[in-house]
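Inspection log for the structure reproduced underneath, given as structure tokens.
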Number of protein chains: 2
Amino acid sequence: MNTPSPVRSQILDHAVTLIMLRGYNGFSYRDLSNLVGIKTASIHYYFPSKDDLVLEAVSSYSDEVLSSMNAIGDTLPADAKLSKYTKLFGKTLGDGDQICLCGMLAADIESLPDDIRQAVQAFFKANERWLTKVLIQGVEEGTLAINGKPENAARALFAAYQGSVLASRLFKTKARLEDVETTVKAVR
Amino acid sequence: MNTPSPVRSQILDHAVTLIMLRGYNGFSYRDLSNLVGIKTASIHYYFPSKDDLVLEAVSSYSDEVLSSMNAIGDTLPADAKLSKYTKLFGKTLGDGDQICLCGMLAADIESLPDDIRQAVQAFFKANERWLTKVLIQGVEEGTLAINGKPENAARALFAAYQGSVLASRLFKTKARLEDVETTVKAVR
DNA sequence: GTCTATAAGTCGATAGAC
DNA sequence: GTCTATCGACTTATAGAC
């Protein structure tokens, strides 16, 4: 287990932030150069091509978000799990100017190679799979209510979260994510 | 009523398509030059700056979509209106490689001037307002079911549509939009 | 209106010195 | 590992001839 280069980590972290801010075509090695404090040529030492960098950014972001998601744990009631998930999505907003990295790259997908598309798809699928299980649990417990199959409801729900962070940033308000959660809450 | 320049219209139409495909930072005057068959310098005659072009692209797209939306008419039952709205959103996908122009620009919003942000906001608001009325009507008629205020449900619903076209393109399938419609259908 | 020519800058990427 | 230097291509935009 060799210690990862701190410079490499800095580049990757700033790349993640920049993608969430401006997207694939909206940031450059020069931006990273200014943020990290090394020349653009040095960045190529760690990440030969921009696509290499972006692919690793997806992995890094995905690992972090999915582990937070899985850290919510199995023991909680479904509605409590969903509340934590909503908060998790709220964190991606940062200072209010960022959206989900994979949502952003989904918008940029026609400019990206296939391996990145697959990595973004994997992130979507993992979220949808997790939400499916929560919805099933919530229906059993009587705290959540859906129409149709849980798989389909989970897809629509995840899409709503993605669209909601987009709208939250557009209107510079944080409130919109809760509207999504309300959608699947059972009336008592 | 002076006839608008056909060349100008061509530029604008291709700009709309390119934005829906690759976003603000993903297309250039050169792309338009190749598509329309005139030099990039000539495009500047019609649209002095790229932001001028994009702002007009939003207006053009918005006018077309909103008029189609309003053409659905007042006399239909709410669930029928919503089905037509879903189909309308399905059309934006085109050959399967495009998303809503305003959803795309919402992703690119941190690269854009304020007047474009306001135009994109206006498109979001118009859709949310229309969906709010449909949801109210559907609840009255007993064909649609929502939680909480219609305004909030409409925001979540529109976000779900936006996220759904994103996911539809990402996974190269058209089926995901119907999952969203199912979300608000009343069980009978 | 459309062109040529050009400006002034950015882009990702590579070679090679240190 | 990080640098300087450089490449070739691309970007938006303007000036001025036709």
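Per chain, numbering begins at 1; letters A, B, ... match sequence-line order.
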Do we see a donor-acceptor contact under 3.5 Å between the side chains of A:Ser83 and A:Glu181? yes

Any side-chain heavy-atom pair from B:Arg22 and A:Ser111 closer than 4.5 angstrom? yes

Sequence neighbours left out, what pairs pass ring pair (Phe, Tyr, Trp, His ring centres under 6.0 Å) with at least one residue falling in residues 128-149 of chain B? B:Tyr85-B:Trp130

Start and end of the DNA chain C segment that chain A contacts, any atom under 4.0 Å from a heavy atom: C:dT10 to C:dT14

Cation-pi check for B:Tyr24 against B:Lys50: NZ or CZ below 6.0 Å from the six-membered ring centre and within 45 degrees of the axis, yes or no? yes

Please work out whether the ring planes of B:Phe171 and A:Phe124 are parallel, tilted or perpendicular, with thresholds of 30° and 60°. perpendicular

Relative to each other, are the rings of B:Phe89 and B:Tyr161 parallel, tilted or perpendicular (30° and 60° limits)? parallel

Sequence-aligned protein contact record of nucleotides 9-14 of chain D, with B where the base is within under 4.0 Å of a protein heavy atom and S where only the sugar-phosphate is: -SSSBB

Is it true that the side chains of B:Asp63 and B:Ser60 contain a donor and an acceptor less than 3.5 Å apart? no

